[in-house]
Amino acid sequence: MQVLKTVAAFRAARAARAEVGDLGLVPTMGFLHEGHLSLVTRARAENTAVAASIFVNPTQFGPHEDLARYPRDLDRDLRLLEAAGADLVFTPEPAEMYPPGFDLSILVGGVTDVLEGAVRAGHFAGVATVVAKLFNIVQPTRAYFGQKDAQQCVVIKKLVRDLDMPIEVIVAPTVREADGLALSSRNSYLTPEQRAAAPVVFRALSEARRLFDAGERDAEALRRAILEALSKEARVAIDYISVADPLSLRELATVGRQALASTAVRLGPTRLIDNLLLGDARA
Ligand code: PAF
C-alpha cells in the first residue's frame, strides 16, 4: 500500500500502476470504523484497485463545530486500510488541498437547504468542493459512501450528474452496533451515559419503519411516532425529524412507495444523525 501526501505524488503513483483498471475510491475523514472498512471491502470486490483518502476537511465544519477536536489516528487508520486491501491512500494536509489563492466553492442547488443543510450553513458546499477535488485528483471509476450520511449521498450524486463526471457513486448500507447505533467517528465523543442513551435514535426510526410496514402512509403520523420515541430519552435534544422524498429531500404529506425517515439529535455537545429508508430499496 502506498501513502501519498501530495496531489503530484498521488498522480504519479496512480500513473505508475500499469495494472490500474477500475479504481474504487473511499473518501474518509479518518478515525476509521467498520462502516468505512465495509466500503473498502466492497470497493476491493468491485474494482481492480482501491484508493482511500483521509482528510479532515476544514471547509465542511462551521465556526463552532468540532474541527479542532475531530478524532484522528493516522497510524491506526493506515494499518486498517492495508488490512482491508487498499492500494493507494491519499493523506493531504489542508495547505495541499487549499493552497494560497484557492477560491472555489461548489453550491449544489435544490437539496442542500434542508435537513443538515438548514442546520449547518455552508457544510455541503464544503463537502461538494472537497469531493469534486478528490474525484479530480484520484479519477476513480467508482466512489463509495455510507447511507448514514443520506443527504451527503444525494448531494454527491447530484454533483457528479451536474458536472458530467464519469464516476459511479455507490451508496452502501449503514453499519450499526449490536444495539442499533449507527457507526460514526463522532460516537467516540459520547460519555458512557450518552452512549447508553444513543440507541434511542435507531429505535425511533425503526418505529417509523414498523408503522410504515403496517400500512401507515401519513408522513406527519410517522414524524410524530419518531418524536414520541425520541422523547422517551430525556438526554436527547432534537434538531429535526423528517419524513422526506429520498431524492428531492422535500418533506412529504403522504408517503408513496418510498420515504427517507431521518433525524438529527444532540446528546450533550455531540450531534448524531441517522436515517432509515421506508419502502423499497432499503438500507
Ligand atoms: O463523509 C465524510 O467523511 C466526508 O464528508 C467526506 C465525504 C470524506 C468529505 O470530506
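Order of appearance sets the numbers: ligands from 1, and atoms from 1 within every ligand.
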| Closest protein heavy atom (residue, atom, distance) for atom 3 (O) of ligand 1 | Met29 CG, 3.5 Å

In terms of atom number and element, which parts of ligand 1 are under 4.0 angstrom from non-hydrogen atoms of [X]?
{"X": "Gln60", "result": "4 (C), 5 (O), 9 (C), 10 (O)"}
{"X": "Val130", "result": "9 (C), 10 (O)"}
{"X": "Gln152", "result": "1 (O), 2 (C), 4 (C), 5 (O), 7 (C)"}

| Hey, does Glu216 have a side-chain heavy atom less than 4.5 Å from the side chain of Arg210? | no

| query | Can Arg69 be said to sit on top of Tyr189's aromatic six-ring, NZ or CZ under 6.0 Å from centre and within 45° of the ring axis? | reply | yes

| request: Answer yes or no on whether Arg42 is positioned over the face of Tyr144, meaning its NZ or CZ is under 6.0 Å from the six-membered ring centre and within 45° of the axis. | output: no

| note | The side chain to side chain contact (heavy atoms under 4.5 Å, CB included) partner of Glu96 among Val7, Ile137, Thr91 is Val7

| request: Decide whether an N or O pair under 3.5 Å exists between Thr28 and ligand 1. | output: no

| query | For ligand 1, does Ile156 get within less than 4.0 Å through its side chain, its backbone, both, or neither, judged by non-hydrogen atoms? | reply | neither

| query | Should Phe61 and Tyr70 be marked as a ring pair (Phe, Tyr, Trp, His ring centres under 6.0 Å) after you check the CA-CA gap, both sets of side-chain angles, and the distance that decides it? | reply | CA-CA 10 Å; Phe61 289 77; Tyr70 196 83; 5.7 Å; yes

